[in-house]
Structure formats: C-alpha cells, structure tokens
Amino acid sequence: MKVYSVVNCEARNSQRLINKFLEKDIPLKKIKSNGDRLRFCVEDKHLSKCIEIIKATGVDYAVESRGGAYLAKSLMLRYLSVAVTAVMVIAALIMARSVCFKIEIDCENVDVVSQVKNILAQDSIRPYMLKSKINTKALSKRISGEIEEVGFANCYFDGGKLTVQIKEVHVKEEEEEYSKIVADRDCIITRVLVYSGTALVKAGDVVKKGDTLIEGYIDTAPDTEENERLTVPADGLVYAETAYVKRITIGDKVIETRRTGESWKTTDIYLFGKLIGKSKLPEYEQYQTVEEEKVFGSVIPVKAVTKTYYKTESVEIELSDAQIEEQISLACIQLWNEIPEQSRLLNNYTYKKKVDNLHIIDIYYIIEETVSKGE
C-alpha cells in the first residue's frame, strides 16, 4: 500500500521544480497551484529526496501532513526511547541512593584542600563506597576542629556526590568593581560622549558585543604617583558604525497563471442556509472561480449561487529587468524599516551577482547609531 505526504512550497518557478522531480523519478500526485504556492502529494519513500531538491532551489516549503509509515516509525522510536530512558533513570536513582561516586571539596585554598584530603584518607573515605559507611556529621566536626584555617565545614551528599564545603576564617577582600557601559553589538566606534567616568575606546576602534566602552571611575592625576582613582557612575553615549544587511534571490523566470478560455458553470440552491443536493466541481486541475449570488422570495428565502470555473494553466515567462528592480526596491524599503529612527545613514550599496538562472542581490545600509548600554 502506497502512503503519501502532502507538501506545500513556493510556486514562482514550479514547472522547473516539477521537472527536477521527474528527472529523479519522483512521481507527484494531486498537483495544484494557487497564486505563488504549489501543493502536491508524494510517496513517503520519496519525501526526503523531494525535500532535498526543494532546499537546493532555495524556496520556502512546508510538509502539511505525513504518511502513515512516518507516523508509525515516529511513535515506535518515541516510545522505545522513553522506555530505555526510564530504565536508565531508575538504575541511576538506585545507584545514587546507595553509593558515593565522587568526592568534591569546595575550597580555593590549596593547603586546606590538601589537609582535608589527608583526613579523608585517614578515615578511608573514597569514591565508590557505600554512603552508609560515611558519617557526614562526624566528618564535618573533625575538619572544623583539626584545620586552623577552617571556620566552618559542612559535609553532605548531593545524589551520588559527597560535597565537603569549606568556609575559611580569613576571607580575601574583593577588588572594587566599577559600573560599566558596554557595547550591545559588534561595531566600529565613531564618536564617544562621556558624561561621567572614563572612556576605554576612541573613534576608529573595532569592538565586540560586551566589550567595555565607559567605566565608572576617574583618575585625578593620570600617570603620576599622586594619582587617586575615584568611583563615579558610568554615563555617556557611544556612537558607532553598524551594518544592516538583507539578501534576496530572484529567478530568471516566473510561473504565471493564465486562463485557457475554457470554462464550466454550476448553480447551487440553498434553503434556510443549507445546500440542496450536492455541489459539483469541474475536473480541471487548475482553475479560477467567480461567484454570483441571488436571493428569491421573502417569506421563504431561496438563495441561488452560480459559480463559474475558468480553466487555467501555468506558463513560464522571462522576468524583465524592471520586475527585478521592483523586487530590489521593495527589499530596500523592508530593510530601511528595520533601521532605528534615531540613526544616521552613512552609506548604502547593493551587490548583484548571477549564478545559473538566479540573481543574488545583497543590500547594505551602513549607519551610525548608539551602541552603548549600562551593565
């Protein structure tokens, strides 16, 4: 039994896309074109190759529904992975409840860590031993009492890990930290306005996102022995050159839908809003519909809906230079709308290149804008 999936993709060059499928012996069913979209059915066994061809053309696509074979495989893999994971979790929980796999000493003082390790060795406490053989309360008391630099020791189990947490008597004072203004993106600095603090960058510097631009201090006498560094709020504005880029890809040809001159008409009758009989559809694969509605009677309204189906066909036409420029102009407008209002345009340019039957256009807007934020 054949199982099909439904695929929906862009149809600006649908005939070329269909030809590629036929070249790879991929049969399609129920092909329909609606405006710029192409919709068709493909066997599950050809779906991955079909998607690979669509991706190679660079068009947008979506798999609207998947066949039964895919669903059955997905369910089997999903529940198999759940079962295996559950078994592994249960086994890990059992091991974690009874065995100490690792010993971690939470202390930066190398000498203290060495002394703690000696005490653990004296008590024969090591990884991969039963938790029931380790008295955490007695161990905490011994470490606190025997090591002078330790003000407090706390030993506890965290799953399968024995943690020895050390608080030293003498705590090293932390160095003073200043407030900062940092770059919120990669850029090239153009102007620096410092209201308070010291600028660490200047015009022309290339900075990365997160780099410090202004730091919250001032030196009273820089580069002298009498210098005194004062803490102040970091405040100011930093302007930089940034780039906004947009790439569009345009094909040489497009698919245009045209009427063939053949049409088919049907009239449906509705009584109290319900259809009488069955609505008939033409056997055209592609068509456009025009409806005309009339209501008869006042007490018992009867509505007649006449539909005219005009048969259409997809025709491949060459894209003119004017149409290409129109699409480029539209892309430029879209990119311009992404630029902040308070920014200043420095330059803009467009690069065009031709690859096979595609035009690849890169649009650049170089602007000056503020790139600083407080931290």
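Since the model is a prediction, treat every value here as computed from it, not as a measurement. Along the sequence shown, residues are numbered consecutively beginning with 1. The figures here come from the full heavy-atom set of this structure, side chains too, leaving out hydrogens, waters and symmetry mates.
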Walk me through it: do Arg258 and Ile317 pass the test side chain to side chain contact (heavy atoms under 4.5 Å, CB included)? CA-CA 11 Å; Arg258 296 179 179 176; Ile317 62 173; 3.6 Å; yes

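- Judged as a side-chain hydrogen bond (donor to acceptor under 3.5 Å, both in side chains), the pairs with a partner in residues 272-283 (not counting sequence neighbours) are, in order, Asp268-Ser279.
- Across all their heavy atoms, Gln165 and Tyr156 have their closest contact at OE1-CE2, 4.2 Å.
- Ring geometry for Phe101 versus Tyr128: interplanar angle over 60°, hence perpendicular rather than tilted (30 to 60°).
- Of all the heavy atoms in Gly216 and Tyr178, the pair that sits closest is O-CD2, 3.2 Å.
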Side chain to side chain contact (heavy atoms under 4.5 Å, CB included) assessment of Arg185 paired with Glu369: CA-CA 11 Å; Arg185 71 197 70 188; Glu369 61 178 328; 2.7 Å; yes

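- Within a 6.0 Å radius of CD in Glu326, other residues, nucleotides and ligands contribute 12 heavy atoms or fewer.
- Within the 4.5 Å cutoff, the side chain of Arg126 has no heavy atoms near those of the Leu120 side chain.
- Atom CD of Glu285 has 12 or fewer neighbouring heavy atoms from other residues, nucleotides or ligands inside a 6.0 Å radius.
- In the hydrophobic clustering of this structure, Ile366 does not group with Val371; members are Ile, Leu, Val, Met, Phe, Trp, Tyr whose side-chain heavy atoms approach within less than 4.5 Å, directly or through other members.
- Under the rule for a side-chain hydrogen bond (donor to acceptor under 3.5 Å, both in side chains), Asp184 has no partner lying at least two apart in sequence or in another chain.
- Heavy-atom neighbours of Asp321 CG from other residues, nucleotides or ligands within 6.0 Å: at or below the threshold of 12.
- A salt bridge is absent between Lys209 and Asp186; no separation between the charged side-chain nitrogens and carboxylate oxygens falls under 4.0 Å.
- Pro27 is listed as a side-chain neighbour of His46, based on a closest heavy-atom distance under 4.5 Å.
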Donor-acceptor list for residues 134-145 side chains, cut-off 3.5 Å, not counting sequence neighbours:
residue : atom : partner : partner atom : Å
Asn135  : OD1  : Lys137  : N            : 3.3
Asn135  : OD1  : Ala138  : N            : 3.1
Ser140  : OG   : Thr136  : O            : 2.9
Ser140  : OG   : Cys155  : N            : 2.8
Arg142  : NE   : Glu146  : OE1          : 3.4
Arg142  : NE   : Glu146  : OE2          : 2.9
Arg142  : NH1  : Asp123  : OD1          : 2.5
Arg142  : NH1  : Asp123  : OD2          : 3.1
Arg142  : NH2  : Gln122  : OE1          : 2.3
Ser144  : OG   : Ser140  : O            : 3.0
Ser144  : OG   : Ala153  : N            : 3.1

Between Val150 and Val116, is the side chain to side chain contact (heavy atoms under 4.5 Å, CB included) condition met? List the steps. CA-CA 10 Å; Val150 176; Val116 171; 5.6 Å; no

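- The cationic atom of Lys167 (NZ for Lys, CZ for Arg) does not lie both less than 6.0 Å from the six-membered ring centre of Phe152 and within 45° of the ring axis.
- Minimum interatomic distance between Leu237 and Tyr195 (heavy atoms only, all atoms of both residues): CD1-OH, 3.5 Å.
- The pair Arg229-Glu215 does not count as a salt bridge, with every side-chain nitrogen at least 4.0 angstrom from each carboxylate oxygen.
- Of the possible donor and acceptor atoms, none in the side chain of Asn337 sits under 3.5 Å from a partner among the backbone N and O of Gln334.
- For Asn109, the side-chain hydrogen bond (donor to acceptor under 3.5 Å, both in side chains) partners two or more places apart in sequence, or in a different chain, are Glu168.
- When the salt bridge (charged side-chain N to carboxylate O under 4.0 Å, His left out) test is applied to Glu293, no partner is found at least two apart in sequence or on another chain.
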Please tabulate, one pair per line, all N/O donor-acceptor pairs under 3.5 Å involving side-chain atoms of residues 340-353, not counting sequence neighbours.
residue : atom : partner : partner atom : Å
Ser343  : OG   : Pro340  : O            : 2.6
Arg344  : NE   : Glu368  : OE1          : 3.2
Arg344  : NH2  : Glu368  : OE1          : 3.1
Lys352  : NZ   : Glu325  : OE2          : 2.7

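- Side-chain atoms of Ser314 and Gln286 include a donor-acceptor pair closer than 3.5 Å.
- Summarising the geometry of Thr242 relative to Cys187, their closest heavy-atom pair is CG2-CB, 3.8 Å, with the distance given to 0.1 Å.
- In terms of hydrophobic clustering, with Ile, Leu, Val, Met, Phe, Trp and Tyr side chains grouped at heavy-atom distances under 4.5 Å, Val238 and Val232 are assigned to different clusters.
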